[in-house]
There are 2 protein chains.
Amino acid sequence: MEKKIASVAENATARRHSCEACPLRPLPVFRAFEPSELDFVSHFKRGELAVDRGATVLVEGSSSPHLYTVLSGWGFRFKLLSDGRRQILNYIVPGDLIGLQGSIMGEMQHSVEALSALVLCVFERDKLMQLYGRHPGLAYDITWLASREERMLDENLLSIGRRSAIERAAYLLAFIHERARTVGLATRSSTAIPITQQHVADTLGLSLVHTNKTLRKLIQRGMIEWRDGGCEIVDLGGLLKLSGWEGLDEGKRPLV
Amino acid sequence: MEKKIASVAENATARRHSCEACPLRPLPVFRAFEPSELDFVSHFKRGELAVDRGATVLVEGSSSPHLYTVLSGWGFRFKLLSDGRRQILNYIVPGDLIGLQGSIMGEMQHSVEALSALVLCVFERDKLMQLYGRHPGLAYDITWLASREERMLDENLLSIGRRSAIERAAYLLAFIHERARTVGLATRSSTAIPITQQHVADTLGLSLVHTNKTLRKLIQRGMIEWRDGGCEIVDLGGLLKLSGWEGLDEGKRPLV
DNA sequence: CGACGTGTTGAGTGTGATCAACATCTGTGG
DNA sequence: CCACAGATGTTGATCACACTCAACACGTCG
């Protein structure tokens, strides 16, 4: 399959949600914003980018002039070794900020791909300094989001380094499900998590075959279901117990 | 061994380096600071904390009122599973900022332990908001450092998830060596990296025995030496080639 | 001296990798 | 409408990398 690379010029401003009527912001997870902050963000936003399923949003090694917040859809961050081995670093759900590393440090050190159709709010990288100068609260929020990403990576590292295959799988699916739940996705009997077993394998650091056998065990234990190219969580408690994970413990968080 | 927990009240201000005469700042890796920034950091700094080798600096689950920059010495961040399995997340060398996660998000999600005697600059968590308000440049720097940590974690995750044991070991040792080199540690025939094979094992996600056998291969290939409780890098190029790692690619960076 | 931390090595085991084949389902072109 | 290719999931057989258990060497420190 030919992979498309999303470009702003191409697809931008197909639709335009005003920040004042942001569909995400009303969710209970997100902290309330000052009107002045909302106003700034509104000007900070340059447009929207619609990305097809399977398309690459950001490429390792490139330096994107943009910063994005996910408005809707699923995606993932990953890195490749030179021989093609792939490691998925984290998943991306609505409300997540992507491309910060590239904006701050100049060059992307990982790639981002869309798991489903994706709509992104596009921000100008150049205005980021302005944000830091005029809105310390928002600047703090961005650091907050970077710290949160770091925390999730710590958890993933712990999981891959020290958990067994079945524990890892249980942790991963519980983790993704929890993240999705907080932003209104993957509610009971709504949409499944749109990943293939290859994605799971590349996240857990396991082979595809062994991932399949491991997931089969979770299915047999009645913890998950796998259907039409996705995973449905049936028994979250069971997954948490099996993995020994405490679950996400986040209060309100910022949305930029 | 009884593990000590470092506390500021106990050891603070044993010595006091003025920020104006900071021994780290002159190093070529660090970017130049505005006098006003230097002045603020100087007031931001509350004192120094001397930590013994093996002592715990920060504990998972606690919420420290401080933020630290490492002035000298080595340490590492880690997480534990409930049954005691340990995963080392990253190593800490002079110039690194630690405790940011706790300062920003309220509670530490990982612990920090000293690998060698450690001297830390202590900053007040409460003044962090002030920093964001008055010095956007420094605020940006802190986000920069958070992004950098994220980048290192991405690399580690790729390594643990997708590299073989010997590749992982080669990558890890090259990585630590490079980080140390940029801040003037571990120069040729100076100090070795002060880690045990247990640390390496807990970083790579391998057992102690298998780590030993893997390191032995690196020794036999003449890439490293292991002596008096530490690792000496002999053939950096060989390690880089074996692991397929590009090496650190950092320009100037901030020091807060 | 003995206890402990650290490193080393061998033997046997097992988790997870690799190879291979096949079942579905989808979309595509003849 | 069918044939075919490609993506995805499934299963069995075999192999190997890494784990566990066990023992021992060597240092330091009380």
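Proteins come first, then strands; the chains are lettered A, B, ... in the order of their sequence lines, and each starts at number 1.
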Starting at atom CD of Gln220(B), determine the distance to atom C1' of dT9(C), rounded to an integer number of angstrom. 12 Å
Give a yes/no answer on whether the side chain of Gln197(B) brings an N or O atom under 4.0 Å of OP1 or OP2 in dT8(C). yes
dG9(D) phosphate, OP1 or OP2, under 4.0 Å from Asn212(A) side-chain N/O: no
What does Gly230(A) touch in the nucleic acid at a heavy-atom separation under 4.0 angstrom: a base, only the sugar-phosphate, or nothing? nothing
Identify whether any heavy atom of Leu206(B) sits under 4.0 Å from a base atom; if not, whether one sits that close to sugar-phosphate; answer base, sugar-phosphate or nothing. sugar-phosphate
Partner of Asp154(A) by side-chain hydrogen bond (donor to acceptor under 3.5 Å, both in side chains), out of Arg77(B), Gln87(B), Gln109(B): Arg77(B)
Side chain of Ala165(B) only, heavy atoms from C-beta on: which candidate in dT6(C), dA13(D), dA18(D) is closest? dA18(D)
Residue Trp226(A), side-chain atoms from C-beta onward, closest of dT8(D), dT11(D), dG9(D): dG9(D)
NZ or CZ of Arg163(A) within 45° of Tyr171(A) ring axis and under 6.0 Å: yes
So Phe78(B) and His110(B), ring-ring contact (aromatic ring centres under 6.0 Å, His included) or not? Walk me through it. CA-CA 6 Å; Phe78(B) 66 98; His110(B) 61 259; 8.7 Å; no
Which comes earlier along DNA chain C counting from the 5' end, the contact point of Gln198(B) or that of Arg162(B), where each point is its nearest nucleotide? Gln198(B)
Can you list the steps and then say if Ser207(B) with His210(B) is a side-chain hydrogen bond (donor to acceptor under 3.5 Å, both in side chains)? CA-CA 5 Å; Ser207(B) 73; His210(B) 196 249; 5.5 Å; no
